[in-house]
Amino acid sequence: MLKEKLVICLQQAVIKAQQEDSLVAVALPEIAMERPQNPEHGDFASVLPLKLARTMKMSPLAIAEKIAKHISLPPEIDSFSIAPPGFINFTLRDDWLAKQIESILTAGESYGDLALGKGSHIQLEFVSVNPTGPLHVGHGRGAVLGSTLANVFTAAGYSVEKEYLLNNVGHQIDVFNRSLYARYQQCLGKEISVPTDGYQGNYMIDLAKEIVDKEGDRFLALPVEEAASELGEIGLNKMVEEIKQDLKLINVEFDTWFSEKSLYHNKQYHQTMELLQREGYVTRKDNAVWFESSALGEDKDNVLVRSDGSPTYFASDIAYHYNKFVERKFDTVIDIWGADHQGHVPRMKAAIKALGKNPEQLKIIICQLITLSRGKEIIRISKRSGDIVTLRELVHEVRPDVCRFFFLSRSADSQMDFDIELAKKQSADNPVYYIQYAHARIASILRLAKQREIDYIQGDVSLLTTGPELTLIRRLLLLPEIIEGVVNTLEPHHLPYYAQDIATVFHSFYKQCRVVSKDEALTKARLKLVRATQIVLAKALHLMGMTAPESM
RNA sequence: GCGCCUGUGGCUCAGUUGGAUAGAGCGCAGCCCUGCGGAGGCUGAGGUCGCGGGUUCAAAUCCCGCCAGGCGUACCA
């Protein structure tokens, strides 16, 4: 890319200056090329002279002057300038910028796609909520984050698989089964109370009713254990279907629903435990089986198998990651967890090491929790007590596009307050409308052009020379950098800001530059720019899993 | 106690990984429709970047110490 070109250009200039112009001979640091935020400072800027000042024992400006004499610019660059205290700024050529519109138009929907992944196989696991209740608002965040990352990685040339780990075995499932059995009996007129540690939510009653309607009272005849487990399986499947529907509402779909239970049926759990044992990471203590994470630099050991013989969540998760890395051979695995799982990170990394894999291959994004409020009142989220605001309720009140945008525009590191009242109030007056309005406006202009039978394929983009036009082009060309940035940082929250920026610059351009006018040549050139803007804006929206409306 | 995350205009948040005058949206005070969608454009007010030290030519950004909030610190998941 251009950045690399400029880095090399500077590098050569310095070396030349050192050879021919008595610039102090020192080893060069890594040359950074940044994009100045102030447009007056050009398109690219380097602080190399400032970095060299110390080792060269010269003033940064003097260094810049010497380097400047030996710079030979690549053809895309119009000029460069030196600015105090020691910046070197580069400005792109206007005609080069205008010409880039053609490459956007040629690429179409694939504009911005990169070849970073080179087919590398990557798995994104997210949401993975226990299917013992409906998704609540907080779960939406991870869902949107994960699905957006999947879109971006796909665009960057990776082979991506989205996975939901279905927790369908273990203690929580037993509790769910017993709770459902109690509700089932209640529905059939029995005086039974839900276990105190059980799931109290009303959705359990609905679930029980549904099952009574369909299956009748035949489970009453079965032994308790059997009845609970059979009912539980039916209930769980229904819950999973509900979850799938909820996720679909916010445009999230998975490639794989991985059954945790399968790890026990196909012996991979046992293989994993044996592997850990063989490698000497396992001990027995107090009748339980422990993973010696402290030997791998952890501050303490962790239980794998309880004294009652049942595996812990941790053991199960190690087996699951054994499956991901060893059985399915993913090159990289990205897990998205809530902040309440942060303590799980170091021991999981240690486990990956114990499995003989590089912990770097496992990337874990910790997503801070959401606090929910209605105006001043804070709502506590608890699935057990049944006091939840479901994702479905939220989507019912706030459009899916708005939900996605809202969840995406905050970095995963910051915990967010979700004020439902505010979200509802602002849903008619928020950036999503602003951005989508820009897209609809573009569509409208292109409709007009079509109606007037203006064929702009032959439009001459070199006619685009004014400020608003060039500013817009500059923004459009940032898309590949944005995508690359998201891949490198795993922070998709830059996307919504970029989309908003495009919309702002476009609206401003629209105000200042009449597109369809009497000047036929200029009209055609501007239509090309407008169409290119539509491509980029739609791409950004689609990467975020949002719609790009033709009208609204 | 220890560990992770956070603290930036009234509110909700960005800040390109140490660079130039700290930016948006909402809200607030104004201005702009004889032309392609006014769900728009333009201008303005509003900031001790939690507090105090330190490193550096340069700190919202790095280091140390406080203060405040969230989460974790289970043979829960």
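Below, read A as the first sequence line, B as the second, and so on, with proteins coming before strands; counting in each chain starts at 1. What you see below is based on every heavy atom in this structure, not just the backbone, and it leaves out hydrogens, waters and symmetry mates. All values reported here derive from a predicted model rather than from experimental measurement.
Relative ring orientation between A:H344 and A:H341 is described as perpendicular, the plane-to-plane angle rising above 60° on a 0-90° scale split at 30° and 60°.
Between A:Y510 and B:rA39, a side-chain N or O to OP1/OP2 separation shorter than 4.0 Å is absent. Note on A:S508: a side-chain N or O is less than 4.0 Å away from OP1 or OP2 of B:rC42. In this model, the phosphate group of B:rU21 is not approached by any side-chain N or O of A:H41 to a distance below 4.0 Å at OP1 or OP2. Phosphate proximity of B:rG7 to A:S414: absent, as no side-chain N or O sits under 4.0 Å from OP1 or OP2. An OP1 or OP2 oxygen of B:rG40 is reached within less than 4.0 angstrom by no side-chain nitrogen or oxygen of A:R441.
Taking 3.5 Å as the limit, the base of B:rA22 and the side chain of A:N38 contain no donor-acceptor pair of atoms between them. The base of B:rC75 sits within donor-acceptor range of the side chain of A:S307, with an N or O pair under 3.5 Å.
Using modelled atom types, one finds no donor on one side chain facing an acceptor on the other under 3.5 Å when comparing A:E260 with A:N168.
Nucleotides B:rG53 and B:rG9 are separated by 26 Å at their C1' atoms, to the nearest Å.
Centroid-to-centroid, the aromatic rings of A:H171 and A:Y313 stay 6.0 Å apart or farther. Ring-centre distance between A:Y264 and A:H270: not below the 6.0 Å cut-off.
Less than 4.0 Å separates RNA chain B from at least one heavy atom of each of the following residues of residues 334-352 of chain A: A:A339, A:D340, A:H341, A:Q342, A:G343, A:R347. Of the residues in residues 474-487 of chain A, none has a non-hydrogen atom less than 4.0 angstrom from any atom of RNA chain B. For the segment residues 524-537 of chain A, the set of residues with a heavy atom within less than 4.0 Å of an atom of RNA chain B is empty.
When heavy atoms are screened at a 4.0 angstrom cut-off, A:A449 is found touching no nucleic acid atom at all. When heavy atoms are screened at a 4.0 angstrom cut-off, A:C513 is found touching base atoms of the nucleic acid.
Remark: RNA chain B forms stems of 3 or more consecutive Watson-Crick or G-U wobble pairs, all pair distances under 3.5 Å, at B:1-7 with B:67-73, B:10-13 with B:23-26, B:28-32 with B:40-44, B:50-54 with B:62-66.
The cationic group of A:R514 does not satisfy the cation-pi geometry with A:Y510, failing either the under 6.0 Å distance to the six-membered ring centre or the 45° limit from the ring axis.
Among residues at least two apart or in separate chains, there is no ring-ring contact (aromatic ring centres under 6.0 Å, His included) pair with a member in residues 30-61 of chain A.
Among the nucleotides B:rU21, B:rU16, B:rU17, the one closest to any side-chain atom of A:T489 is B:rU17.
Taking the charged nitrogens against the carboxylate oxygens, A:R35 and A:E481 do have a contact shorter than 4.0 Å, which makes a salt bridge.
For A:E233, the side-chain contact (heavy atoms from CB on, under 4.5 Å) test picks out A:N237, with sequence neighbours left out.
Comparing A:P311 and A:H507 by the nucleotide of RNA chain B whose heavy atom lies nearest to each, the residue mapping closer to the 5' end is A:H507.
We find that CG of A:N302 is positioned 11 Å from C1' of B:rC75, with the value rounded to whole Å. In this structure, A:E491 atom CD and B:rC13 atom P are separated by 16 Å, rounded to whole Å.
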